[in-house]
Amino acid sequence: MVRLEDFTEDDWKFCHWLGTEETFRHLATSRERTQSQKVVKPLHWYIACRLVIEGGFLPGNIRPHPPFSAVKSGSRWLLSFDHTEASGEEATVLGGLKTKDVDIVVEKPGIGPVIAISCKSTGNAFRNLTNRMEEAVGECTNLHMTYSALVIGYYSVFRAHRAGSDPDLADNDVALQTDGSPVDGIIRYHEAFRQLEGRLDLRDTISKYEAVSLSLLESRGPNAGELVDTFPPKDSPLRSQHFFNQIYGRYDERFVFAAPIFARRKVTPRIEWDAESPLFNTDSRLEVGDVPKLDYEPRISSQS
């Protein structure tokens with residue numbers, strides 16, 4: 001497993017291939033200041049890599065550029081690990097009011113940005129989330145003003161500090177009550193974002209996101225980094241397992257099914273990777289080093 005605590009300053013400049021376990025554990029336990037990019041950047045990398053392996057997007061169309069390369073051989077697409085291709089740069093997207101550096105962007109040549117995902121990590125001050133909500137509304141509106149078809153996601157993660165777990169923990173930094181229920185600030189945050197997610201149609205309000213994810217992570221003990229399963233509620237669309245399917249679904253509707261010319265030219269359809277790709281080959285994995293355990297299925301062609 002990748003040890004983020006051993007990273008040098010140069011390591012932090014490039015996208016790395018991470019799985020959910022190491023990403024969430026870092027978000028839950030990092031000793032960096034919560035405002036530091038070193039806390040949330042691994043989440044950017046995790047999502048960027050997942051958009052390639054599971055989503056079927058070319059690594060060259062994603063910023064930050066994941067440590068992969070893709071080559072077409074006949075009708076087959078082969079995916080390989082290649083750390084020399086990785087970058088850490090964000091994409092700058094033109095908004096209706098101002099340009100915006102967005103954490104993860106998928107851009108299609110000749111079309112422009114098609115997916116944009118913003119990530120937020122919150123470790124304390126859970127009763128003061130109003131500013132975060134206002135920022136989220138403004139960011140989404142700004143980007144949709146220029147690109148009404150853009151599929152925008154908002155991925156937020158909270159450290160679930162439990163009341164009574166630490167005598168030095170301020171009341172404002174408690175996420176869960178002693179009975180395991182979330183504090184009022186997080187409940188209000190959840191209810192606000194339920195109103196801001198699920199934009200299905202281009203004519204829907206531009207202040208809504210296509211997908212929103214809200215996750216609470218255990219912050220202490222042997223389960224640090226694991227999802228708190230009791231919140232959001234089971235029927236909430238903000239549960240993290242819904243996020244990527246919503247992103248892929250909205251993308252396919254707008255840029256594949258509704259864009260037959262681009263689809264026929266094979267510009268917009270998501271790629272299915274060949275099962276014999278070096279990335280999925282057991283022997284070649286030994287050369288990569290530590291390969292993360294995936295909690296999602298690679299998008300592999302059924303014809304492989």
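Residue numbers start at 1 and run along the sequence shown. No experiment lies behind these values; they were computed from the predicted model shown.
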Treating [X] as the side-chain partner and [Y] as the backbone partner, does any N or O pair qualify as donor plus acceptor under 3.5 Å?
X: T29; Y: R25; answer: yes
X: E22; Y: G19; answer: yes
X: K108; Y: V267; answer: yes
X: N142; Y: G96; answer: yes
X: W273; Y: V52; answer: yes
X: E197; Y: A211; answer: no

| query | Relative to each other, are the rings of Y251 and F255 parallel, tilted or perpendicular (30° and 60° limits)? | reply |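 If you compare the ring of Y251 with that of F255, the planes turn out parallel.
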| request: Give me the ring orientation class for F158 and Y189: parallel if the planes are under 30° apart, tilted from 30 to 60°, perpendicular past 60°. | output: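 Rings of F158 and Y189: perpendicular, over 60°.
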Closest non-hydrogen atom pair, [X] against [Y]:
X: C49; Y: C15; value: SG-SG, 4.3 Å
X: V256; Y: P269; value: CG2-CA, 3.9 Å
X: R254; Y: D201; value: NH2-N, 4.1 Å
X: L150; Y: L143; value: CD2-CB, 4.1 Å
X: L216; Y: A160; value: CB-CB, 4.1 Å
X: L217; Y: L27; value: CD1-CB, 3.9 Å

| query | Taking atom types as modelled, is there a side-chain donor on S277 or D274 under 3.5 Å from an acceptor on the other? | reply |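 Absent: no donor and acceptor within the cut-off.
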| query | For residues D10 and T8, is any side-chain donor paired with an opposing acceptor at under 3.5 Å? | reply |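 T8 and D10 do not have a side-chain donor-acceptor pair below 3.5 Å.
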Nearest 0.5 angstrom please: [X] [atom1] to [Y] [atom2], how far?
X: E191; Y: I186; atom1: CD; atom2: CD1; result: 13.0 Å
X: K120; Y: E135; atom1: NZ; atom2: CD; result: 6.0 Å
X: L214; Y: T122; atom1: CG; atom2: OG1; result: 9.5 Å
X: S73; Y: L78; atom1: OG; atom2: CG; result: 5.5 Å
X: D173; Y: R159; atom1: CG; atom2: CZ; result: 10.5 Å
X: E139; Y: E134; atom1: CD; atom2: CD; result: 14.0 Å

| message | Does anything in residues 55-68 form a side chain to side chain donor-acceptor pair (under 3.5 Å)? List the pairs, not counting sequence neighbours. | response |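 Every pair satisfying side chain to side chain donor-acceptor pair (under 3.5 Å) with a residue in residues 55-68: R63-E89.
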| request: Kindly determine whether K38 and E9 satisfy salt bridge (charged side-chain N to carboxylate O under 4.0 Å, His left out), including the steps that lead there. | output: CA-CA 10 Å; K38 289 183 179 179; E9 287 300 318; 2.5 Å; yes
Do [X] and [Y] share a hydrophobic cluster, counting only Ile, Leu, Val, Met, Phe, Trp and Tyr and linking them when any side-chain heavy atoms are less than 4.5 Å apart?
X: L200; Y: F257; result: no
X: Y147; Y: M145; result: no
X: V71; Y: I271; result: no
X: V105; Y: L97; result: no
X: L196; Y: L202; result: no

| request: Would you mind listing every ring pair (Phe, Tyr, Trp, His ring centres under 6.0 Å) that reaches into residues 223-242, with sequence neighbours excluded? | output: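 The answer is H190-F231.
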| Short N-O contact, E21 and K293, less than 4.0 angstrom |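 Looking at K293 together with E21, the answer is no, because their closest N to O distance does not fall below 4.0 Å.
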| task | Determine, for D229 against K234, whether the closest basic-nitrogen to carboxylate-oxygen distance falls under 4.0 angstrom. | result |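 Looking at K234 together with D229, the answer is yes, because their closest N to O distance falls below 4.0 Å.
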| message | Are F68 and W17, when compared by the centres of their aromatic rings, separated by less than 6.0 Å? | response |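 Ring centres of W17 and F68 closer than 6.0 Å.
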| task | For this output row, return yes or no: ring centroids of Y46 and H16 closer than 6.0 angstrom. | result |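 No; H16 has its ring centre 6.0 Å or more from that of Y46.
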| request: Identify, with sequence neighbours excluded, every residue that meets ring-ring contact (aromatic ring centres under 6.0 Å, His included) alongside Y154. | output: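 Counting only residues at least two positions away or on another chain, Y154 forms a ring-ring contact (aromatic ring centres under 6.0 Å, His included) with F193, Y209.
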| After noting the C-alpha distance and the side-chain angles of F280 and I53, does the key distance pass the side-chain contact (heavy atoms from CB on, under 4.5 Å) rule? | CA-CA 10 Å; F280 311 127; I53 297 172; 4.2 Å; yes
Measuring only between side-chain heavy atoms, which start at C-beta, is [X] closer than 4.5 Å to [Y]?
X: T205; Y: R199; value: no
X: V102; Y: I117; value: no
X: P67; Y: F81; value: yes
X: L4; Y: P42; value: yes
X: H161; Y: L176; value: no
X: R299; Y: L79; value: no
X: I206; Y: K208; value: no
X: R270; Y: D252; value: yes

| said: Between Y155 and I104, is the side-chain contact (heavy atoms from CB on, under 4.5 Å) condition met? List the steps. | reply: CA-CA 11 Å; Y155 201 102; I104 305 103; over 6 Å; no
| Hey, mind stepping through I47 and F244 against side-chain contact (heavy atoms from CB on, under 4.5 Å) and telling me if it holds? | CA-CA 9 Å; I47 292 176; F244 289 96; 4.0 Å; yes
| task | Could you walk me through whether V137 and S207 pass side-chain contact (heavy atoms from CB on, under 4.5 Å), step by step? | result | CA-CA 6 Å; V137 173; S207 62; 4.2 Å; yes
List the residues meeting salt bridge (charged side-chain N to carboxylate O under 4.0 Å, His left out) with [X], not counting sequence neighbours, and say none if there are none.
X: D179; result: none
X: R162; result: E218
X: R194; result: none

